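Let me begin by presenting the structure, written as structure tokens, before commenting on it.
Letters go in sequence order (proteins before strands), and every chain restarts at 1. Keep in mind it's a predicted model, so treat the numbers as computed, not measured.
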Protein chains: 2
Amino acid sequence: MNHDDSNEIDYSMLKSRLGYKLRRAQMVYFDVFAEACAREGITPGLFGILAIVYHNPGLTQSAVSNALDVDRSAMVAAIDKLEGMEVIERRKSKHDRRSYALYLTPKGKTFTERLNQKVEAGEEAFTTFMEEGEREQLLETLDRIIQARRGS
Amino acid sequence: MNHDDSNEIDYSMLKSRLGYKLRRAQMVYFDVFAEACAREGITPGLFGILAIVYHNPGLTQSAVSNALDVDRSAMVAAIDKLEGMEVIERRKSKHDRRSYALYLTPKGKTFTERLNQKVEAGEEAFTTFMEEGEREQLLETLDRIIQARRGS
DNA sequence: ACATATTGTTTAGGTGCAAAACATTATATG
DNA sequence: CATATAATGTTTTGCACCTAAACAATATGT
């Protein structure tokens with residue numbers, strides 16, 4: 001029986017690597033998300049789409065992919081799936097016959113609201129180890145990282 | 001000509017989602033890493049292995065996979081590749097004939113040191129937008145998140 | 001001695017993402 | 001107007017990453 005957590009490993013080359021720590025932390029929150037709503041058949045990526053379309057109805061696929069900073073080719077299968085779940089729909093744009101305007105179905109709206117509550121609750125149940133205001137500070141720093149990309 | 005960054009999108013459902021922000025921030029640091037050493041044929045995952053074996057020579061594949069919190073089946077192809085690059089080598093363990101002990105080759109040691117410098121430099125060049133001590137605070141919070149997994 | 005566990009491995013599968021090419025349609029430029 | 005250029009959705013291909021299940025070889029516990 002080895003004493004488990006003190007696993008005697010020297011992490012010194014990774015100890016200060018933000019890339020590594022962010023990846024590990026994200027894996028943790030991926031689990032938090034999955035625990036909250038994997039049963040619903042929704043992944044973090046799909047939730048992001050629902051969250052954007054919920055508050056921005058009528059956006060094109062390209063606009064959503066731009067908002068989430070993923071390639072527009074990744075939208076196709078994602079929207080196909082959400083459309084198959086009958087929570088989103090593509091309507092032909094009248095101004096631009098190339099593109100679709102995305103809307104949540106009534107079912108999709110309540111679905112997204114329920115999902116949002118579950119995700120919020122799941123994350124909130126996972127803040128017991130954080131100091132007062134630490135979460136807000138973390139969000140702010142992460143936002144600065146995300147915004148800083150062009151500047152580098 | 002649309003005024004670019006103020007893209008008029010309502011992110012209110014994602015604004016406070018740590019899972020989402022961590023994912024976005026990690027993508028940024030993935031780019032930082034790639035810029036630093038994609039030319040070397042090294043991915044973040046492979047760098048993690050090199051970093052662990054560098055300071056912990058003789059570890060088994062399972063021990064490394066445990067240290068990095070990935071499945072041990074994922075080690076096989078990774079070590080195969082690193083062995084093909086002649087930076088790591090598998091030596092038969094004498095105590096346990098099932099397992100290999102992993103060691104960096106001399107070439108692998110200097111390679112890892114050079115890589116580490118590049119990654120460090122790449123991350124450091126990307127901290128101009130951070131306040132004094134903000135990076136340390138971020139690392140500490142991320143560590144707490146990573147450690148908190150069992151507690152939840 | 002025998003049941004159980006562990007190691008490395010293979011196979012299969014799933015996810016997320018990006019690059020490239022394509023037809024269709026818009027837009028800008030001559 | 002005509003023509004070049006760009007944008008949209010799509011498909012295909014490929015990479016990185018990760019897991020689960022099964023297997024033979026070997027260790028370990030009872």
Side-chain angles (χ1 to χ4, degrees), chain A residues 1-2 19-20 22-24 26-31 33-34 37-38 41-49 58-83 88-102 149, chain B residues 1-2 4 19-20 22-31 33-35 37-49 58-83 88-102:
Chain A
M1 183 148 308
N2 45 7
Y20 172 72
L22 284 168
R23 189 156 60 104
R24 294 290 301 263
Q26 191 227 330
M27 286 170 66
V28 172
Y29 270 89
F30 185 90
D31 288 349
F33 183 94
C37 59
I42 291 295
T43 62
L46 294 178
F47 178 74
I49 296 174
L59 247 49
T60 66
Q61 292 182 193
S62 286
V64 173
S65 76
N66 190 49
L68 296 172
D69 201 40
V70 298
D71 196 273
R72 67 185 197 278
S73 65
M75 282 294 115
V76 182
I79 304 294
D80 282 352
K81 181 165 184 178
L82 294 173
E83 215 173 18
I88 216 169
E89 65 181 21
R90 288 185 243 233
R91 299 186 198 159
K92 290 179 185 173
S93 169
K94 301 200 169 184
H95 314 294
D96 188 334
R97 293 191 304 180
R98 294 170 300 181
S99 61
Y100 296 108
L102 299 176
R149 256 219 311 203
Chain B
M1 182 150 310
N2 45 6
D4 248 37
Y20 173 71
L22 285 168
R23 188 156 61 103
R24 293 289 302 263
Q26 191 228 330
M27 286 171 65
V28 172
Y29 270 90
F30 185 90
D31 288 348
F33 183 95
E35 205 167 316
C37 58
R39 281 287 168 77
E40 315 279 357
I42 290 295
T43 62
L46 294 178
F47 178 75
I49 295 174
L59 246 50
T60 65
Q61 292 182 194
S62 286
V64 173
S65 77
N66 189 49
L68 295 172
D69 201 38
V70 297
D71 196 274
R72 67 185 197 277
S73 66
M75 283 294 115
V76 183
I79 304 294
D80 283 352
K81 180 165 186 179
L82 293 173
E83 216 173 17
I88 216 170
E89 65 180 23
R90 287 185 243 233
R91 299 186 198 160
K92 290 180 185 171
S93 170
K94 302 201 168 183
H95 314 294
D96 187 334
R97 293 191 305 181
R98 293 170 301 178
S99 62
Y100 296 107
L102 299 176

Whole angstrom is fine here: how far is it from [atom1] in [X] over to [atom2] in [N]?
{"X": "B:I42", "N": "D:dC17", "atom1": "CD1", "atom2": "C1'", "value": "15 Å"}
{"X": "B:K94", "N": "D:dT26", "atom1": "NZ", "atom2": "P", "value": "17 Å"}
{"X": "A:F30", "N": "D:dT19", "atom1": "CZ", "atom2": "P", "value": "10 Å"}
{"X": "B:D31", "N": "C:dC17", "atom1": "CG", "atom2": "P", "value": "12 Å"}
{"X": "B:D71", "N": "C:dG14", "atom1": "CG", "atom2": "C1'", "value": "14 Å"}
{"X": "B:F47", "N": "D:dC17", "atom1": "CZ", "atom2": "C1'", "value": "18 Å"}
{"X": "B:R72", "N": "D:dC23", "atom1": "CZ", "atom2": "P", "value": "14 Å"}
{"X": "B:M75", "N": "C:dT10", "atom1": "CE", "atom2": "P", "value": "15 Å"}

Looking only at heavy atoms, which two atoms of [X] and [Y] are closest? And how far apart?
{"X": "A:L102", "Y": "A:R90", "answer": "CD2-CG, 3.7 Å"}
{"X": "B:R24", "Y": "A:A67", "answer": "NH1-O, 3.6 Å"}
{"X": "B:Y29", "Y": "A:L22", "answer": "CD1-CD1, 3.4 Å"}

Derivation and outcome, side-chain contact (heavy atoms from CB on, under 4.5 Å), residues B:I49 and B:I88: CA-CA 10 Å; B:I49 295 174; B:I88 216 170; 4.3 Å; yes
Would you say [X] places a side-chain N or O within less than 4.0 Å of OP1 or OP2 belonging to [N]?
{"X": "B:R23", "N": "C:dC17", "value": "yes"}
{"X": "A:R97", "N": "D:dT8", "value": "no"}
{"X": "B:R24", "N": "C:dC17", "value": "no"}
{"X": "B:T43", "N": "D:dC15", "value": "no"}
{"X": "B:R98", "N": "D:dC23", "value": "no"}
{"X": "A:S73", "N": "C:dC17", "value": "no"}
{"X": "B:S62", "N": "C:dG8", "value": "yes"}

Residue B:R90, side-chain heavy atoms: nucleotide from C:dG8, C:dA18, D:dT10 that is nearest: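 The listed nucleotide nearest to B:R90's side chain is C:dG8.
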Among D:dC17, D:dT26, C:dT9, the nucleotide that comes nearest once only the side chain of B:Q61 is considered: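 Closest nucleotide among those given: C:dT9.
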Whichever of B:D69 and B:K81 has its nearest DNA chain D nucleotide further upstream toward 5':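 Looking at DNA chain D, the more 5' nearest nucleotide goes with B:K81.
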Sugar-phosphate only, base, or nothing, as touched by A:A74 at under 4.0 Å among non-hydrogen atoms: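 Answer is nothing: A:A74 stays at 4.0 Å or more from every strand.
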Sugar-phosphate, base or nothing in reach of A:V70, heavy atoms under 4.0 Å: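 Sugar-phosphate only.
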Given B:R91, B:E89, B:K92, the one that forms side-chain contact (heavy atoms from CB on, under 4.5 Å) with B:Y100: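 For B:Y100, the side-chain contact (heavy atoms from CB on, under 4.5 Å) test succeeds with only one of B:R91, B:E89, B:K92, which is B:K92.
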